[in-house]
Amino acid sequence: MSAIIEVKNLRKSYGPAVAVDGISFTVQAGECFGLLGPNGAGKTTTIRMIYGFTPRESGTLQIFGTDCDTAWRSIKARIGVCQQEDNLDPDLTVRENLETFAAYFDIPSALVNERVASLLQFTALEGREHANVKDLSGGLKRRLALARALLNEPQLLILDEPTSGLDPQSRHQLWSRLDDLKKRGLTTLLTTHYMDEAQRLCDRLIIMDQGKILVEGAPLDLIQEHVGKSVIEVVAPCADLRGMLTEKGILFEDLGQRLILYSNDGETLYRDLLADHCHEGCMLRPATLEDVFLRLTGRELRE
Amino acid sequence: MIGFNLSKRFIRVWQRNYRVYRKTWMISFAPPLLEPLFYLAAFGVGLGGLVGSLSYGGKSTDYTAYIAPALIAINIMQSSFFETTFSSFVRMFYQKTFDAMLATPLTIEEIITGEILWGATKSVIGTALMMIILTFFGLLHFPHALLLLPVAFLGGLAFACVGMVCTAVVPTIETLNLPIFLFITPMFLFSGTFFPLNNLPAWAQGIANFLPLTHLVELCRASALGRLDVSNVISIAYLVIWSVVLFPFAVTGMRRRLVR
Ligand SMILES: Nc1ncnc2c1ncn2[C@@H]1O[C@H](COP(=O)(O)OP(=O)(O)OP(=O)(O)O)[C@@H](O)[C@H]1O
Ligand SMILES: [Mg+2]
């Protein structure tokens, strides 16, 4: 396997505020790599430095094994980007958006028609090609943004919150498109606030907060390592429960009206709890990436 | 991305704007066709009746023929200035068009160059349309008047650069009214447009000689009336200098604004 992205000690600050604080990671060919973190963690800033929008303050960056400072134009020609904000061209139709964007990449016009047709099909936008972008729903816009990012047949796809604001149908449709792309060997770097999405799509991911990487790894490994197999949520816990848990050395988080228990042997604990301590308001469920995320980044609001 | 990165790819940005323009050409064509008619009716017929003729370059010139080229010059100024201020601001700030472009191999230099050349192109299109109307009234002296087209490009370039510098520094779109109020409107009135500059006091003439529109009006009038002379070289040079000096400011200003 060869590295598609190699980031070392990447740093960026805006005035006194440090947005990205010396992070390092590597994305391998064919991988789907996730960047997770609360609002303001520095995900978009990181991504923008990678596709050459934001200048790096310090650190090194290699993409496709080439140095980004010298070969930036050829590197950009091989990357497809869906930015966080909608920036489709509202003055143009769906098809015109794609054609115009293809021109920015200097794609020969003989190829453009072919690619536009296949991408319209891939993103289920056929029949909409003459619609004005202004009139598209949020879901259709996202699909068009994905089609646009694929026009240059990128070897690296960068998606900044590709599914925020989408309905479940659109999200699942987008996921299966990303599965298709993955089968073709496309390397993807994505950010998301949906933990189920990250767990479903990412081979590996990092969780960052305040510009720093907290953990890196495969979703299931991270869950196992930081939370365990299962989680028990106890609503309105009785008075003696906290003491009992501390005594037994069981890991738990205290939210006042709610206790969150982490355990590798959830079933036994759950049965004990039901028998001895609480008769209702107790729920057993498998641990998820969201538990990891909240444990590591805390529950306070960020911005 | 160090240094100044300008390849011929800027043409793609120009083409994007041209494509949008073609979709709305019926609306875009109206002002340059109708405006000269309004002005000619008000100033030519209304005011011209009072003024009659005046002396321009030592020759008696009909007032309507005197102001017609100034109308072209004003249109050149406004077409490109409005394009690189309000229109570019909307693309930059509201539509995030430049952000999208910056995720492609396009550079900020290419985007700004494309926008400025598009502004100048709009000046040329407007001039060509106005020339049709003015020819119909017999107000243009051919073949010299054909020089109005390259003059429109040069003037358009100068004002497109001014506009882009404004767009790079204004905090909000409303702030763009400030350069219009302080720069465009006074020039509109005091650049030898509707009356000869030598009617002004000497100090005011001195100031007017530094206004780009004064030189653009001079070039338009000389071309339209077929009375070119060596002094026009100074006007050409002056507009070239405006463009050459302001272009780097436009690029660096926009880079500071967009690339963060
Ligand atoms: N252009 C800018 N000027 C000043 N500060 C900025 C700029 N861009 C980002 N920041 C700051 O840098 C920090 C990281 O922002 P960034 O957009 O990378 O976060 P994020 O992880 O993408 O957040 P979100 O999940 O909300 O998109 C934030 O505190 C933000 O306010
Ligand atoms: Mg972000």
Residues A:Q84 and A:T44: side-chain donor-acceptor under 3.5 angstrom: yes
Contacting moiety of A:D89, where chain B heavy atoms sit under 4.5 Å: side chain
Chain A contacts, top residue of B:R12, B:K96, B:Q15 (heavy-atom pairs, under 4.5 Å): B:R12
Short N-O contact, A:E85 and A:K141, less than 4.0 angstrom: no
A:T163 versus A:E197, side-chain donor and acceptor atoms under 3.5 Å: yes
Over-ring placement of A:R78 relative to A:F64, 6.0 Å and 45° cut-offs: yes
B:I108 portion near chain A, given a 4.5 angstrom heavy-atom threshold: neither
Worked verdict on A:T187 versus A:L189 for side chain to side chain contact (heavy atoms under 4.5 Å, CB included): CA-CA 7 Å; A:T187 311; A:L189 176 67; over 6 Å; no
Interface residues of residues 100-120 of chain A facing chain B - heavy atom cut-off under 4.5 Å: A:T100, A:F101, A:A103, A:Y104, A:F105, A:D106
B:F93 and B:F89 aromatic ring geometry - parallel, tilted or perpendicular at 30°/60° bounds: parallel
Residue selection (most heavy-atom pairs with chain A, distance under 4.5 Å) from B:P105, B:A103, B:S7: B:P105
Parallel, tilted or perpendicular: ring planes of A:Y51 versus A:F53, cut at 30 and 60 degrees: perpendicular
Side-chain ion pair, A:E99 and B:R16, N-O less than 4.0 Å: no
Region of B:R9 that comes under 4.5 Å of a non-hydrogen atom in chain A: side chain
